[in-house]
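Worksheet: the structure to be examined is printed underneath.
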Amino acid sequence: MIDVILLGVRLLFVALLYLFLFAIMRTGVGLVKGQRKKEKAWRLIVEKGPKELRGVKTPVHGPIIVGRAPGADIVIGASYVSGRHARFSLMGQNLFVEDLGSRNGTAVNGQRIGQPTALHDNDLVNVGDVAIRVRFE
């Protein structure tokens, strides 16, 4: 009889231990979810240009090359665009654009750039007649 009671107590103890561990894990996962809110990130949105590019949204996680070459991240098949025309790159939380020696140049908000330029939310980068909006969302 004592063996049956001890077995019941052991099973009850194991069940309570599992419930306790489950409650701790559930609380921990909830804390991690609460701390991990949607992080802001830079995005490039093609607003003006060839029909197949308009509306394309590209998140920026590393360098993004814009150009006519097939290896570019955003390929613009026009003669006024160089093979490797411009590069968007992150430095910490800041986004920069630089012209890569293109013949026709790159402009930010209508001003032609000659060196890497820091971008701000809602800036407009022009590569020829293609307009790329920069968003930090």
_Glu137 and Arg43 ion-paired at < 4.0 Å_ = yes
*Does Ile64 belong to the same Ile/Leu/Val/Met/Phe/Trp/Tyr cluster as Phe136, with side-chain heavy atoms less than 4.5 Å apart forming each link?*
yes
*asked:* Could you tell me if the side chain of Phe88 sits less than 4.5 Å from the side chain of Leu119, heavy atoms only?
replied: yes
*Taking only residues two or more places apart in sequence or in another chain, which ones pass salt bridge (charged side-chain N to carboxylate O under 4.0 Å, His left out) with Arg84?*
none
*Among Val130, Leu100, Thr58, Val127, which one satisfies side chain to side chain contact (heavy atoms under 4.5 Å, CB included) with Val66?*
Val127
*Once you round to the nearest 0.5 Å, how far does CG of Leu12 lie from CG of Leu17?*
11.0 Å
*asked:* Closer than 3.5 angstrom, by distance alone: can the side chain of Thr117 be matched with the main-chain N or O of Gln115 as a donor-acceptor pair?
replied: yes
*Side chains of Ile132 and Ile45: does their closest heavy-atom pair fall under 4.5 Å?*
no
*Does some side-chain heavy atom of Tyr80 sit less than 4.5 Å from a side-chain heavy atom of Arg68?*
no
*Answer whether the closest heavy-atom distance between the side chains of Asp123 and Val97 falls below 4.5 Å.*
no
_For Leu53 against Val46, the heavy-atom pair lying closest together_ = O-CB, 3.3 Å
*Report the distance from atom OH of Tyr18 to atom CZ of Phe13, rounding to the nearest 0.5 Å.*
11.5 Å
*Is there a path of hydrophobic side-chain contacts, each under 4.5 Å between heavy atoms of I, L, V, M, F, W or Y residues, that connects Ile74 with Phe96?*
no
*Would Asp121 and Val134 count as a side-chain contact (heavy atoms from CB on, under 4.5 Å) if you check the C-alpha gap in whole Å, the side-chain angles of each, and the deciding distance to 0.1 Å?*
CA-CA 6 Å; Asp121 186 32; Val134 176; over 6 Å; no
*Output all residues satisfying side-chain contact (heavy atoms from CB on, under 4.5 Å) with Ile5, sequence neighbours left out; order by chain, then residue number.*
Met1, Val9
*Side-chain contact, heavy-atom cut-off 4.5 Å: Leu44 with Val60?*
yes
*Has Glu52 got more than 12 heavy atoms of other residues, nucleotides or ligands less than 6.0 Å from its CD?*
yes
_So, using side-chain contact (heavy atoms from CB on, under 4.5 Å) as the criterion, who are the partners of Asn122 when residues are at least two apart?_
Arg133, Arg135
*asked:* Could you tell me if the side chain of His85 sits less than 4.5 Å from the side chain of Asp99, heavy atoms only?
replied: yes
*Closest non-hydrogen atom pair, Pro70 against Val75*: O-CG2, 4.0 Å
_Check: Gln93 main-chain N/O paired with Trp42 side-chain donor or acceptor under 3.5 Å_ = yes
*Euclidean distance, Leu90 CG relative to Asn94 CG, rounded to 0.5 Å*: 8.5 Å
*If two hydrophobic side chains count as joined below 4.5 Å and joins carry through other members, does Val56 share a cluster with Ile65?*
no
*Atom CZ in Arg112, atom CG in Asn126: separation rounded to 0.5 Å?*
12.0 Å
_Can you give me the closest heavy-atom contact between Arg87 and Pro63, atom names plus distance?_
CD-CB, 4.1 Å
